[in-house]
Amino acid sequence: AINNTDRLVSLVNDILDLERISSGKSELHSAMVSAEEVLRKAVSAQQARTPKPSARIFYAANGVTVYADPDRVLQALNNLLSNAIKFSPAGGEIHLSARNLDDQEALFEVRDQGRGIPEDKLEYIFDRFQQGDASDTRILGGTGLGLAICRSIVNQHGGRIWATSTPGKGTTFHFTLPTKPRTNLR
Ligand code: ADP
């Protein structure tokens, strides 16, 4: 009963979050944020939830700072990291990284060695309630809303999010965030 209630509460929260973000009712509280700090928080939150994950998690922030809402970035990373763990084989490695693309944008990546995602599903998994494999809900849990939430968060920051994958070898989720406040030239 407790498990089912937890699942229901997280489904309702996901729906509310998505609605708030897409309707523009959730404002961003952006500030200069250290990527190191936010990656470290994502990893330790994950370790608190799954004390002995079957995969090993590594992160490298390369001194990156972004202009973003730290709570929202953490929410996106938590979603990507919990998916990576969910789909990782025992003994697999998960790598989180951030690096500067140019002086405007930084690129974050979450890479796993899981089963991968077929090419024709790479875009579709970001839609609401879409799951790569219809049996995922039954076996692995989840609502199919995590990636839709990640996409709204990243888009709200003016960034992009996409996935690349080699089926059988692993998946990488990539997203970009601004490294400075946008200057509006008038
Ligand atoms: P869910 O709640 O089902 O995890 P998401 O929106 O987070 O919903 O993910 C949608 C679907 O994308 C998942 O059901 C799964 O099929 C696929 N997916 C997401 N992350 C990964 C990953 N790291 N490896 C393989 N498949 C993934």
Side-chain angles (χ1 to χ4, degrees), residues 2-22 26 38-39 41-43 45-50 52-60 71-98 107-157 159-177:
I2 290 174
N3 279 343
N4 286 335
T5 316
D6 285 349
R7 275 182 72 166
L8 201 58
V9 168
S10 86
L11 172 62
V12 171
N13 281 335
D14 280 357
I15 294 173
L16 290 176
D17 269 346
L18 200 53
E19 207 46 50
R20 263 194 295 263
I21 301 168
S22 1
S26 131
V38 75
L39 290 179
K41 279 190 181 159
V43 173
Q46 197 56 56
Q47 273 158 353
R49 269 197 299 274
T50 325
K52 282 192 184 155
S54 53
R56 285 174 299 156
I57 307 171
F58 302 87
Y59 68 94
D71 293 341
R72 293 288 164 200
V73 178
L74 191 57
Q75 187 180 5
L77 282 169
N78 282 340
N79 273 325
L80 298 177
L81 188 53
S82 63
N83 279 346
I85 290 178
K86 194 154 88 173
F87 292 101
S88 278
E93 291 186 0
I94 297 172
H95 291 265
L96 286 82
S97 64
L107 176 68
F108 284 73
E109 289 179 329
V110 178
R111 173 160 56 90
D112 67 51
Q113 299 176 327
R115 72 175 188 205
I117 301 172
E119 169 99 49
D120 62 337
K121 296 266 167 69
L122 284 175
E123 215 8 73
Y124 154 96
I125 49 166
F126 289 96
D127 291 348
R128 294 166 179 223
F129 300 113
Q130 294 306 333
Q131 298 188 308
D133 185 322
S135 60
D136 283 352
T137 328
R138 247 180 307 121
I139 301 165
L140 297 166
T143 58
L145 286 173
L147 291 176
I149 293 176
C150 291
R151 179 161 274 179
S152 352
I153 291 173
V154 172
N155 286 349
Q156 203 185 3
H157 283 87
R160 294 161 285 134
I161 182 168
W162 69 100
T164 54
S165 178
T166 310
K169 291 243 161 76
T171 307
T172 306
F173 283 87
H174 319 254
F175 67 89
T176 60
L177 288 175

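Counting convention: from 1, in listed order, for ligands and their atoms alike.
At a 4.0 Å heavy-atom cut-off, ligand 1 touches Asp112 through the side chain alone. By the criterion of a heavy-atom distance under 4.0 Å, both the backbone and the side chain of Leu147 are placed next to ligand 1. Of all the heavy atoms of Lys121, none lies under 4.0 Å from any atom of ligand 1, so neither backbone nor side chain is involved.
Within the structure, the closest approach of Phe173 to ligand 1 falls below 4.0 Å when heavy atoms are considered. Heavy-atom distances between Leu145 and ligand 1 reach below 4.0 Å in at least one pair.
Between the side chain of Asp112 and the backbone N or O of Gly170 there is no donor-acceptor pair closer than 3.5 Å. No donor-acceptor pair closer than 3.5 Å links the side chain of Ser97 to the backbone N or O of Ala60. One N or O on the side chain of Arg151 and one on the backbone of Ile161 form a donor-acceptor pair closer than 3.5 Å.
Considering all non-hydrogen atoms of both residues, Thr176 and Val154 come closest at O-CG1, 3.7 Å.
Side chains of Lys86 and Asn83 form a contact here, defined as non-hydrogen atoms less than 4.5 Å apart.
For ligand 1 and Lys86, the ligand atoms under 4.0 Å from any heavy atom of the residue are 1 (P), 4 (O). Contact atoms of ligand 1 toward Arg115: 16 (O) (distance under 4.0 Å to a heavy atom of the residue).
Between Phe126 and Phe173, the angle of the ring planes goes over 60°, which puts this pair in the perpendicular group of the 30/60° scheme.
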